[in-house]
2 protein chains.
Amino acid sequence: MSDSYPCFAVTVDLVVLTIRDEELMVLLVNRGQPPFRGDLALPGGFVHPDEGLVEAAARELAEETGIAVGSMHLEQLASYGDPGRDPRQRVVTVAYLAMTPALPDPRPGSDADGASWLPAGAAARRPLAFDHQRILADGVERARAKLEYTPLATVFCPPEFTIAQLRRVYEIAWGRSLDPRNFHRKVTGTPGFVLPVDRSTAGTRGRPAQMYRRGLATRLHPPLLRED
Amino acid sequence: MSDSYPCFAVTVDLVVLTIRDEELMVLLVNRGQPPFRGDLALPGGFVHPDEGLVEAAARELAEETGIAVGSMHLEQLASYGDPGRDPRQRVVTVAYLAMTPALPDPRPGSDADGASWLPAGAAARRPLAFDHQRILADGVERARAKLEYTPLATVFCPPEFTIAQLRRVYEIAWGRSLDPRNFHRKVTGTPGFVLPVDRSTAGTRGRPAQMYRRGLATRLHPPLLRED
DNA sequence: TCAATAGTGTCTGTAAGACAGTATTGT
DNA sequence: ACAATACTGTCTTACAGACACTATTGA
């Protein structure tokens, strides 16, 4: 029942997604040491002995991106522990999914040096270190799916945004265009999705747009489904 | 980046759900050793050094219930690794969710001795060993949620079942009654949910019912939502 | 004035909830 | 016959998709 206590290494790895330059992007790092030296990998690292899993994920995220976790969404994705996924030793990794508004480029010389934003779709189809290709694919799919039934699309937007900006999030994440008028009606009609603020855009071509911030809802009723 | 390789124990724990006696039930074991000796706990145990996580979950499931995993649904739930969740040492557990048709009682004298089925709702509100109360609550909520948008309710049914049996699964899991006529129309009208077989019930009061088996769909479109 | 974007109204098809009504069995 | 359960049809309402139309700005 509990005869042996084998020793495992435990890591956290992060799928950090954002929308930049009209594309869904993922934060990847260049591995400086073997194994997989020179390959791209998800940011992550070993969990410290007296540290919780979320704390480890938040710490690694702050180390790699240089920003605090407070402003971004962070949730557990899944764990991966196939024997042989790390050639050195048995490692179980707990993957986390983070979603954030567009960030400036990682500054060279900072802890985040060597990290860069790459298009998520393309990255999920190229080899990455360890089983990170699989983890990335799972993370992208989770994010896409959660846009359907949660208001999480707002975490890709700045604190105040327009309905059109929010719509672009869906269009980019799902790779399909949405009718602006129906989307507007749907979003403003779903209680708790967005809250209007007393401000409008200015200096843009066309009629100024009402600005909104995140509402308090955690689930969308009814959901905003992507398929036909 | 990778200075220390702290040593963790890794376990798998199982939330095994079924429907028995018109109730959602969970398989719990009595802990025979400290810590939490005498308390109820989820079945589970240490992952072997050369064993994958799913393999470990399937092995523990077979050991505790005495049946092969082949006939039941098994999916990863989440991982739990707060420092101090096990008073002996640092343990990270990967929890799995299993769903199965009604099984006979665990036979005394078998490996599954000491295991028993308890109502899941009540068990999720009573103290269990470690953080198993939280894991159980997460598992029950995951199962309830997945009934909405997947055909997983069928894994609680025998290989061949009637629409009324399937409806009871939803009613028991969600704690609300569903209109038999609308449910019938919805289920038979969702492609890939159920497939009719050339058989009917007999010996029952009332008109015999057509029997069905699981379809090939993995998601329900549109979903079968529980809230109003 | 025109182009562009924001936002509203309207129509139509689909599907869910409510529930009347028909079908087929055991008692 | 009657009760019980299976199944079908109909009505109403809600909502998604399509798209005409109005509103408000910059060029």
Side-chain angles (χ1 to χ4, degrees), chain A residues 22 147-149 151 153 157 160-172 174-213 217 219-228, chain B residues 22 147-149 151 153 157 160-171 174 176-213 217 219-228:
Chain A
E22 301 279 294
L147 297 192
E148 288 190 330
Y149 56 94
C157 296
E160 294 189 358
F161 52 88
T162 66
I163 301 293
Q165 281 179 275
L166 186 63
R167 177 168 46 85
R168 286 301 297 153
V169 170
Y170 279 95
E171 292 181 331
I172 291 164
W174 289 352
R176 55 169 291 203
S177 59
L178 298 172
D179 185 286
R181 298 154 299 186
N182 292 336
F183 184 84
H184 189 283
R185 178 162 42 89
K186 172 75 184 173
V187 169
T188 55
T190 300
F193 195 173
V194 295
L195 297 171
V197 297
D198 200 18
R199 190 174 324 187
S200 296
T201 53
T204 70
R205 204 159 159 80
R207 173 176 169 176
Q210 174 66 240
M211 302 209 71
Y212 295 83
R213 56 185 176 82
R219 309 247 322 172
L220 302 183
H221 294 298
L224 217 158
L225 299 174
R226 47 181 157 160
E227 35 239 313
D228 318 318
Chain B
E22 300 277 295
L147 297 192
E148 288 190 330
Y149 56 93
C157 297
E160 295 189 358
F161 52 87
T162 66
I163 301 292
Q165 280 179 277
L166 186 64
R167 176 167 48 83
R168 287 303 297 151
V169 170
Y170 279 95
E171 291 180 332
W174 289 351
R176 55 169 291 201
S177 60
L178 298 172
D179 186 285
R181 298 155 298 187
N182 293 334
F183 184 84
H184 190 281
R185 179 161 41 89
K186 171 76 183 172
V187 169
T188 55
T190 300
F193 196 172
V194 294
L195 296 171
V197 296
D198 199 19
R199 191 174 326 185
S200 297
T201 53
T204 71
R205 199 155 164 83
R207 173 174 168 178
Q210 173 67 240
M211 303 209 71
Y212 296 84
R213 55 184 178 83
R219 311 249 318 174
L220 302 183
H221 293 298
L224 217 159
L225 300 173
R226 46 181 160 160
E227 37 237 314
D228 319 318

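Chain identifiers are assigned alphabetically (A, B, ...) following the order of the sequence lines, protein sequences preceding nucleic acid strands; residue numbering begins at 1 within each chain.
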Output one line per pair: protein atom, nucleotide atom from nucleotides 14-16 of chain C, and distance, for all N/O pairs under 3.5 Å.
residue	atom	partner	partner atom	Å
C:dA16	OP1	B:Lys186	NZ	2.2

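Contact between the side-chain N/O atoms of A:His184 and the OP1/OP2 oxygens of C:dT8 is found at a separation under 4.0 Å.
As a whole-Å value, the separation of A:Met211 CE from C:dT5 C1' is 14 Å. For the pair A:Ile163 CD1 and C:dT8 C1', the computed distance is 14 Å after rounding to whole Å. Spacing between atom CZ of A:Arg181 and atom P of D:dA23 amounts to 16 Å, rounded to whole angstrom units. Here C:dC19 presents its C1' atom at 18 Å from CZ of B:Phe183, a figure rounded to the nearest Å. The separation between A:Gln210 atom CD and D:dT24 atom P is 13 Å, rounded to whole Å. For the pair B:Arg167 CZ and D:dC7 C1', the interatomic distance rounds to 12 Å; values are reported in whole Å. One interatomic measurement links the two molecules: CG of A:Asp179 to C1' of D:dC15, which rounds to 14 Å at whole-angstrom precision.
In this structure, the side chain to side chain contact (heavy atoms under 4.5 Å, CB included) partners of A:Pro196, at least two apart in sequence or on a different chain, are A:Gln210, A:Tyr212. Under the rule for a side chain to side chain donor-acceptor pair (under 3.5 Å), the partners of A:Arg185 that lie at least two apart in sequence or sit in another chain are A:Asn182. Under the side chain to side chain donor-acceptor pair (under 3.5 Å) criterion, B:Arg219 pairs with no residue, sequence neighbours left out. In terms of the side chain to side chain donor-acceptor pair (under 3.5 Å) criterion, residue partners of B:Glu148 (sequence neighbours excluded) are, by chain and number, B:Arg226. By the side chain to side chain donor-acceptor pair (under 3.5 Å) test, A:Arg213 is found to be paired with no residue, residues two or more places apart in sequence or in another chain being considered. When the salt bridge (charged side-chain N to carboxylate O under 4.0 Å, His left out) test is applied to B:Arg168, the partners found at least two apart in sequence or on another chain are B:Glu22, B:Glu171. For B:Pro222, the side chain to side chain contact (heavy atoms under 4.5 Å, CB included) criterion is met by B:Lys186, not counting sequence neighbours. Listed by chain and residue number, A:Tyr170 satisfy the ring-ring contact (aromatic ring centres under 6.0 Å, His included) test with A:Phe183 (two or more places apart in sequence, or in another chain).
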Just the dot-bracket of DNA chain D, please: which string comes out with Watson-Crick or G-U pairs under 3.5 Å, [ ] for crossing, | for another strand? |||||||||||||||||||||||||||
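Sorted by residue number, the members of residues 197-209 of chain B with any non-hydrogen atom under 4.0 Å from DNA chain C read B:Thr204, B:Arg205, B:Gly206, B:Arg207, B:Pro208.
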Run the numbers on A:Val169 and A:Phe161 for side-chain contact (heavy atoms from CB on, under 4.5 Å), then give the verdict. CA-CA 11 Å; A:Val169 170; A:Phe161 52 88; over 6 Å; no
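The two residues A:Ala217 and A:Pro151 come nearest to each other via the heavy atoms O-CG, 3.1 Å.
A salt bridge (charged side-chain N to carboxylate O under 4.0 Å, His left out) check over residues 189-199 of chain A, counting only residues at least two apart or in different chains, returns the pairs A:Glu160-A:Arg199.
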